[in-house]
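Quick notes on the structure that follows.
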Amino acid sequence: MRLLREAYYIILGFLQMLGAAGFFLAQMLRHVPKALMRPRLIFQQVFNVGAMSLVLILIAGLFVGMVMGLQGYNTLSKFAATSALGTLVALSLLRELGPVVTALLFAGRAGTALTSEIGLMRATEQIAGMEMMAVDPVQRIVVPRFLAGVISMPLLVGIFNAVGLLGGYLVGVVLMGVDAGAFWGQIHGTVDLHEDFWTGVIKSVVFGIATTLVAVFEGYYAHPTAEGVSRATTRTVVNSALLVLALDYLLTAFMF
Amino acid sequence: MTTEEHKHSDNVVEITGLKYRVGDKAIFDRLNISIPRGKVTAIMGPSGTGKTTLLRVMTGQVLPDRGRVMVEGRNVARLTTGELYELRTQMGFLFQNGALFTDSTVYENVAFPIREHTRLPEALIRHIVLMKLQAVGLRGAAAMMPTELSGGMARRVALARAIAMDPKIIFYDEPFVGLDPISMGVIVRLIRVLNDSLGLTSIIVSHDVDEVNAVSDQSYLISNGKVVAYGTPEELEHNKSAWVRQFMKGLADGPVPFHYPAPDYASQLLGEVDT
């Protein structure tokens, strides 16, 4: 009985959070037109959120591509099908690994930074100060960061995929001796613009909305104490990761 | 002018029958306060009596459970967000910790409300910011970051930012807390000078009796959700109430006992009652 009651409260809490995040998203969307009138604020945040994540994305992309090249080569060589390595690396990256791994890394690097920044602004009364100066903090602080996250994510995914392909090429072609013509030719022949490329872009946009929404929501409603901000930051990583994986399944099921 | 309008022009803030609870605890119980225009009015009381909450009620950050809070003749609780923000353009609010934006310079902090609310050319914004910083004596600190400032300086910068839009009313939340004697003297002088030279109405929430007496025209003493005394600093000094005397003179024991309610000391030491 106690177990049932606890499960009930957990589900209730989850639904309440979902509802609150939905309202927050609606509130943000209402402010988007006004925020777009001040693109400088958005570009500043694209730098903070996107450009500052670039090194991490480049390194991670390269290693993921290299691992894919190595694993793919080892498996495919058993069937004497190493010429299909390019297809394997490209499809894995475009359809799944690119958007998902980038989103997970983005949540860890940029999401936590957004949550702790907004949470600390709340804790040090900077948000209340802004409200007292008759400036809406959602419009001035939250929306530019949200838009920056949504803009940055597809760009980061594109860069991750490009570097990942390069990593696969380095290991497969340069190190293991797969024919370069076959590697690129297979990619050119099998990767479909609509089926593979655009679905990856759609995923990256959805993940961008989800991870940035979680980050700014957790930051804005963080308890204004050191512990509250630290808890909110942890929740950002955990909730973003779970949300990305769940959304990935749903999008894959619908699109492919 | 009707009686109602006349009342509004005399009192900037008019609170009647204010009730506010947090959980089971009544913070305000039928509280009545009037803040006259052009004066420095202090609201004093022991820590935890809800002085800061009272400022938040006046500025619409917190909604009262019951009662009427009129600011400049407008019922704060009934305003839409847009109307409230419009009213707040006439208000300046000095937070206890300054609430400066830590990622912007002193200059940018003071320029912030001007940039947000006006489309003035940069040269004019520069003049206004330098004038406001000059008024608080910190024109030389314009390029500094908030983290480089002392507590007193941060509060003065926050004050410059609060008067950037030339407000009619300025709210000070514990402006004297944690300052050295010189910074304290500077803030006391600034509150008076700014109030008189800019024609403001100043509302100070504080428990620092000496500083408040040095600057205020009249003070309210609140405790347990009610006004317990009201008057000029001299009137409060000579108040007959034992509670007022204890508070004004800072006596350790009196109507407010030194000991927080606890079980019998000996019984507790002997373990007869649980801790």
Side-chain angles (χ1 to χ4, degrees), chain A residues 23-24 26-28 30-31 33-35 37-49 51-52 110 113-145 148 216 219-226 229, chain B residues 52-53 55-56 58-62 71 76 79-104 108-119 146-147 154-155 157-167 169-174:
Chain A
F23 274 119
F24 193 60
Q27 198 185 347
M28 283 198 294
R30 218 158 36 91
H31 288 296
K34 272 191 180 169
M37 308 279 274
R38 297 174 72 179
R40 208 169 62 88
L41 290 178
I42 301 172
F43 293 144
Q44 264 173 3
Q45 293 307 322
V46 169
F47 177 78
N48 285 341
V49 170
M52 298 298 273
L114 285 176
T115 304
S116 50
E117 186 192 13
I118 299 174
L120 279 172
M121 288 180 91
R122 163 83 64 199
T124 53
E125 292 189 310
Q126 292 180 44
I127 287 181
M130 210 172 264
E131 284 176 321
M132 274 314 300
M133 286 185 273
V135 176
D136 189 335
V138 173
Q139 189 185 314
R140 182 61 174 69
I141 300 277
V142 179
V143 174
R145 283 164 175 77
V216 293
Y220 198 73
Y221 290 107
H223 205 261
T225 59
V229 175
Chain B
T52 300
T53 310
L55 280 194
R56 290 183 191 275
M58 289 183 199
T59 52
Q61 296 175 68
V62 170
V71 177
V76 175
L79 299 178
T80 62
T81 309
E83 290 169 336
L84 185 62
Y85 275 14
E86 194 192 312
L87 183 62
R88 282 181 183 168
T89 55
Q90 303 173 31
M91 298 174 175
F93 196 104
L94 187 74
F95 284 85
Q96 199 173 331
N97 64 10
L100 294 173
F101 303 132
T102 42
D103 59 349
S104 307
E108 284 303 323
N109 263 285
V110 180
F112 180 83
I114 310 170
R115 288 195 207 286
E116 291 295 317
H117 291 298
T118 68
R119 291 278 166 268
T147 44
R155 219 162 284 177
V157 173
L159 187 51
R161 188 176 70 175
I163 57 169
M165 293 296 292
D166 296 326
I169 319 164
I170 186 153
F171 298 89
Y172 297 89
D173 185 10
E174 300 281 8

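Every chain is numbered from 1 and lettered A, B, ... according to where its sequence line falls, protein lines coming before strand lines.
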Give, as side chain, backbone, both or neither, the part of Phe112(B) having an atom under 4.5 angstrom from any heavy atom of chain A. side chain

Between Leu94(B), Thr89(B), Leu87(B), Asn97(B), which shows the greatest number of heavy-atom pairs under 4.5 Å with chain A? Asn97(B)

Side-chain heavy atoms of Met121(A) within contact of Thr102(B), under 4.5 Å: no

Between Phe101(B) and Met133(A) the two heavy atoms that sit nearest each other are CZ-CE, 3.7 Å

Could you look at Leu84(B) and say if it's the side chain, the backbone, both or neither that has a heavy atom under 4.5 Å from chain A? neither

Closer than 4.0 angstrom, basic N to acidic O: yes or no for Arg56(B) and Glu131(A)? no

Which heavy atom of Tyr85(B) sits nearest a heavy atom of Ala134(A), and at what distance? O-CB, 3.1 Å

Note, Arg140(A) side chain near Glu116(B) side chain (heavy atom, < 4.5 Å): yes

Specify which of Glu125(A), Glu117(A), Arg38(A), Met130(A) makes the most heavy-atom pairs with chain B at under 4.5 Å. Glu125(A)

Hey, what do you get for CD (Gln44(A)) to CG (Asp103(B)), rounding to the nearest 0.5 Å? 9.0 Å

